[in-house]
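Structure, as C-alpha cells:
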Amino acid sequence: MERMTRFRSRILLLLFLLVLGFFAMELYDQQVIATGGNMNNATTYTTQTTVKAARGEILDRNGNVLVSNRASYDLHLNHLVLLSAKGTNQYLYELALRCRDEGIEYNEQFPVSKERPFTYTLDEQSAAQQKYFQTYLAYMGDLDSDITAPVLIDRLRDIYDLPAQWTDEEARLVIGIRYEMALRNCVQSMSTYIFITDASDEALSAVVELNVPGMKPEASTVREIHTPYAAHILGFVGPVNAQQWEYYKDIEGYTYASQVGQDGMEKVFEEYLHGVDGIREDTVDMDGNLISSRYIVEPKAGSNVHISLDINLQAIAEDQMKIAMEGLRNLPVNTDTGTKPDGADAEGCAVVAMDMTGQVLVCASYPTYDLNRYFEDYNEILHSDYNPLYNRALHAIYPPGSTFKMAVVVGAINSGFIDSSYEIYAKGKYREYESSGFAPSCLYYSNYGMTHENENAMDALRDSCNYYFYYLGDKMDYRVIDEAAKNLGLGEKTGIELYEEPGYRANEATKAKLYPNNPGFYKGDSILAAIGQSDNRFTPIQLCTYMQTLANEGDRYRATFLNRVVTADYTSLLYESQPEIISSMEMLPDTVYAYKEGMRKVAHESGGTAYSIFKNYPISICAKTGTAQQGSGGSDHGAFVCFAPYDDPQIAIAIYGEKAGHGSSLAVIAKALLNSYFNVEAVGDVDVFENQLS
C-alpha cells in the first residue's frame with residue numbers, strides 16, 4: 001500500500017513538472033523567439049517609478065501650520081509602452097500640439113530653441129543636463145558633439161522618421177519629448193518621465209482625453225503656504241540642481257528628480273523636512289494596463305518642524321511696520337517752511353524679537369511680498385520700490401546711533417572707570433578739540449541751545465545725552481568699550497541658521513580694513529563711536545541679541561529659528577532645541593543697575609525719549625531710542641530697542657527704520673508687540689503715534 005502511494009505521488013509530480021515546462025516554453029516563445037529579443041515588441045514591461053514622499057510641515061511655536069502639502073497629480077509617461085504602440089509619432093504630435101494650443105507647460109529639457117533659426121540653449125542648463133545631452137548624442141549613434149542645432153534637427157527628423165509635411169517647429173516639439181523618453185533608456189539614474197508636474201484639472205482633462213498609451217496620472221503633493229507673513233523666512237523648494245546633487249546623491253531618499261529646500265526654513269531644515277522617496281516597480285502590458293505592482297522602497301514622510309516664530313507676533317510686526325513707514329511718508333508739508341518733516345522720506349524697516357534663550361519670535365522685513373506668488377510675480381517684486389526681496393533683519397548693517405550707549409555704560413562701570421552715580425556736567429558742545437576743528441554737539445544743544453547740565457549714567461541714557469558719551473569716548477581706553485560691545489554681541493554673528501551679515505564695530509582693525517590709506521584710530525573716531533556713529537554697523541538681529549544679553553545680565557544665547565521637531569504623525573518628539581550660551585561676561589551689580597535703570601527712565605520717566613509712548617504703560621520696560629546719521633542724504637535712520645519686564649525679562653525687541661528720522665517714531669511698533677505678548681489692552685495707540693509724528 002505504501003509503495004502504491006509513493007508511485008502515485010511521483011506520477012503527480014511528473015505531470016506538474018510537464019505543465020510547468022509547457023508554460024515556460026510558451027513564455028520563452030512569446031518573449032524571446034517571437035520578438036527576436038527586441039523588447040520593443042515585448043508583451044510586458046517593468047518600470048520603476050519614484051513615489052514622492054510627503055514633505056514635513058512647517059509650523060510656528062504654537063502649532064499654527066505655516067507650510068504644508070496640497071494634494072495634486074503629476075502626469076507620468078511610460079516610454080516603453082508608448083514606443084511599442086503603433087503610431088508613436090502621431091500620438092506625440094497630437095500631445096505636443098494640444099499642450100501648445102492650451103498653454104500647458106510640460107517638462108522637457110531638449111537644449112535646442114523651439115523656433116527657427118534653431119540654436120542651442122545649453123548655457124541655460126545645469127552641468128548634469130549638459131552631460132545628459134552628450135550621453136544622448138552618443139546613444140543615438142554617429143551624432144557628432146560638434147553638430148549644429150539646425151543639422152541636429154534634420155538628422156533627428158530622419159532618425160525618428162517624422163513626416164515631411166510637419167513644419168520644423170512641429171517636428172522640434174515631438175523631438176523634445178522623444179529626447180526625454182530616450183534619456184530614460186540611456187541614463188540609468190533618470191527617474192520616470194514626469195510629463196506634467198502638478199497638473200491642473202484643465203490640463204488633466206485636455207491631455208488624458210487623447211488616450212496616449214502609457215500616459216497615467218500619479219498622486220503627488222505640492223507645497224502650500226498658509227500665511228501671508230514671514231516671506232523672507234519660510235523660503236521655498238525646487239528641483240535639486242547639479243551642485244546640490246553632488247551633496248545629496250549619497251543620502252538616502254534623494255533622486256535627481258527630488259525637490260529640496262532652496263531658501264529659508266525649507267533649506268536650513270531640509271534634513272528634517274525631506275522624507276524618503278519610495279520606488280515602486282510596476283509591470284504593465286503593451287497597452288499600459290497594470291499587471292502587478294510592488295514597492296522596492298516604501299515612501300517615508302518627512303518630519304514636522306516647529307520653528308520658533310510666533311506667527312501672530314510676526315503679523316503684528318509686519319502690519320505695524322507698514323503703517324509706521326507709510327505714515328511717515330505721508331506726513332504733511334510744513335506750511336511755514338514748505339519742507340517735509342524728518343522721516344517723510346522713510347524707506348525700509350526691520351523688526352526682530354526673541355525670548356531670553358535666543359529663540360526668535362519675530363523676524364520681519366518691510367517691504368515684503370507674497371511668497372505664494374514669488375515665481376509668478378518675481379520681476380514685479382524685483383523692480384518694486386525699496387527692494388522687497390531684501391531681508392533687512394539679517395542682511396542690512398546699520399549705524400546703531402544712541403542704542404549703542406548701554407555698551408559704553410557697561411564698559412565704563414564694569415571696568416571701574418566710573419560708577420553709576422558719577423556725574424559729568426554736560427555743556428552741550430564738546431570743545432576739547434575745538435582748536436583742531438572738531439567740536440561735536442549734543443542734539444539737545446543743537447536743536448534748542450540748551451544743555452543737560454549734571455548727568456549720571458542713568459540720566460544720560462534717559463536723555464540720550466551725547467555730551468556724556470563724548471566724554472567717556474575721549475577719556476576712556478576705547479578698547480574697553482569695544483570689548484564690552486563684543487561681549488554683548490555687537491558686530492558678532494548671532495549663530496542664527498540663516499545667512500547673516502556679521503557687521504563690524506568701530507575699532508583699529510575695522511578702520512584699517514575700511515580705510516587702508518588712513519588706518520589710524522584717533523580720538524575723533526572713539527568720541528563718535530561712543531554715541532554709535534563712526535564705523536559701528538550692526539544688523540537688527542544683532543541689536544536684538546544685544547538686548548537679550550543685557551536682559552540676561554551678560555549671558556548671550558545663540559539665536560535660533562528651531563523650536564522642536566516631531567514625527568510625521570505628530571505622535572513623537574524627535575528633537576527639542578536647547579538653549580546655548582555662546583559668550584558670557586561678568587557684570588557688577590552697579591553696572592546692571594545703571595543700564596537697567598537708565599533704560600527704564602527712557603520709557604517711564606518724564607524727559608525720557610520714549611516717555612510719550614510708554615508713560616502710562618502697565619508693564620515696566622527697559623528701552624532706548626536711537627537716531628543715526630547716514631551719508632546718503634535725507635532723514636536720519638531711527639532705531640528702538642527694549643526688553644521687558646524690567647524685573648523679570650521675557651522678551652527682547654529691536655526695530656530699525658531707514659530714514660525714519662527718530663527712534664521714537666518706531667516705539668509704537670514695539671508697543672503693539674508688547675500689548676500682544678503680555679495681553680495688554682491697546683488704548684489710544686493711534687493717537688499717541690499721530691502726536692509723536694506731528
Side-chain angles (χ1 to χ4, degrees), residues 399-488 490 505-508 511 520-536 550 587-588 590-599 601-602 605 607-609 624-629 639 663:
S402 293
T403 62
F404 185 75
K405 290 174 178 175
M406 285 80 74
V408 180
V409 168
V410 169
I413 298 178
N414 228 40
S415 67
F417 184 78
I418 61 170
D419 61 25
S420 61
S421 62
Y422 182 82
E423 290 188 341
I424 296 171
Y425 188 82
K427 303 175 183 178
K429 177 175 285 192
Y430 196 74
R431 302 180 185 275
E432 290 290 315
Y433 304 96
E434 190 171 25
S435 60
S436 301
F438 178 71
S441 296
C442 187
L443 195 62
Y444 191 50
Y445 180 81
S446 298
N447 289 344
Y448 307 109
M450 302 174 68
T451 69
H452 289 121
E453 300 183 349
N454 287 320
E455 294 271 275
N456 60 27
M458 293 78 73
D459 294 339
L461 289 174
R462 177 196 62 199
D463 300 333
S464 202
C465 177
N466 281 350
Y467 189 97
Y468 184 92
F469 293 94
Y470 291 149
Y471 176 86
L472 294 180
D474 180 21
K475 303 303 181 184
M476 285 183 64
D477 181 347
Y478 190 79
R479 289 172 294 185
V480 174
I481 296 174
D482 184 54
E483 184 66 18
K486 176 182 179 179
N487 289 333
L488 293 170
L490 295 173
R505 296 181 306 279
N507 54 35
E508 292 184 32
K511 186 78 178 291
F521 194 73
Y522 307 111
K523 279 297 182 181
D525 295 312
S526 64
I527 289 171
L528 292 179
I531 64 165
Q533 294 291 160
S534 185
D535 293 315
N536 284 312
L550 288 174
M587 289 193 184
L588 299 172
D590 194 40
T591 303
V592 175
Y593 169 76
Y595 71 73
K596 287 186 71 173
E597 181 62 15
M599 294 175 73
K601 289 186 173 189
V602 168
E605 191 169 288
T609 53
K624 187 72 188 79
T625 60
T627 302
Q629 295 176 349

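- In summary, the side chains of K624 and T609 do not present any donor paired with an acceptor at a separation below 3.5 Å, with no hydrogens or angles considered.
- Side-chain contact check for E455 versus R462: some heavy-atom pair is nearer than 4.5 Å.
- Atom-to-atom distance recorded for L461:CG and T403:OG1 is 11.0 Å, nearest 0.5 angstrom.
- Between Y478 and F521, the gap from one ring centroid to the other is short of 6.0 Å.
- In this view, D590 satisfies the salt bridge (charged side-chain N to carboxylate O under 4.0 Å, His left out) rule with no residue, not counting sequence neighbours.
- The shortest heavy-atom contact between A457 and I413 is CB-CD1, 4.3 Å.
- At distances below 3.5 Å, not a single donor-acceptor pair connects side-chain atoms of D525 with backbone N or O atoms of N507.
- Between A412 and L472, the closest heavy-atom pair is CB-CD1, 4.2 Å.
- If you take CG on D459 and OH on Y468, they are separated by 9.0 Å, rounding to the nearest 0.5 Å.
- Contact between S526 and G473 at its shortest, heavy atoms only, is OG-O, 3.0 Å.
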Start with the C-alpha distance between N536 and S534, add both sets of side-chain angles, then the distance that settles side chain to side chain donor-acceptor pair (under 3.5 Å), and finish with yes or no. CA-CA 6 Å; N536 284 312; S534 185; over 6 Å; no

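- Looking at every heavy atom in both residues, S415 comes nearest to M476 through OG-CE, 4.2 Å.
- Surrounding NZ of K523 are more than 12 heavy atoms belonging to other residues, nucleotides or ligands, all under 6.0 Å away.
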Passes side-chain contact (heavy atoms from CB on, under 4.5 Å), M458 versus Y593? Steps please. CA-CA 9 Å; M458 293 78 73; Y593 169 76; 3.9 Å; yes

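- Applying side-chain contact (heavy atoms from CB on, under 4.5 Å) to F469 and the options I527, V409, L528, I481 leaves one that passes, V409.
- Minimum interatomic distance between L488 and M587 (heavy atoms only, all atoms of both residues): CD2-CE, 3.7 Å.
- Rounding to the nearest 0.5 Å places NZ of K429 at 6.0 Å from CD of E434.
- F417 CZ to K475 NZ: the interatomic distance, rounded to the nearest 0.5 Å, is 8.5 Å.
- Separation of atoms CZ (R505) and CD (E483) is listed at 7.5 Å; rounding is to 0.5 Å.
- Distance check, rounded to the nearest 0.5 Å: OG of S420 to CG of L588 gives 10.5 Å.
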Show your reasoning for whether side-chain contact (heavy atoms from CB on, under 4.5 Å) applies to M406 and L550. CA-CA 9 Å; M406 285 80 74; L550 288 174; 3.9 Å; yes

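- By the side chain to side chain donor-acceptor pair (under 3.5 Å) test, N466 pairs with K405, sequence neighbours left out.
- A salt bridge is absent between E432 and K427; no separation between the charged side-chain nitrogens and carboxylate oxygens falls under 4.0 Å.
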Apply side-chain contact (heavy atoms from CB on, under 4.5 Å) to the pair Y470 and I531, showing each step before the final yes or no. CA-CA 7 Å; Y470 291 149; I531 64 165; 3.8 Å; yes

Assess whether side-chain contact (heavy atoms from CB on, under 4.5 Å) is satisfied between T451 and Y467, documenting all intermediate values. CA-CA 9 Å; T451 69; Y467 189 97; over 6 Å; no

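- Considering all non-hydrogen atoms of both residues, C465 and A426 come closest at SG-CB, 3.7 Å.
- Remark: S436 pairs with no residue by the side chain to side chain donor-acceptor pair (under 3.5 Å) rule, at least two apart or across chains.
- Between the side chains of D474 and Y430, at least one donor-acceptor pair of N or O atoms lies under 3.5 Å.
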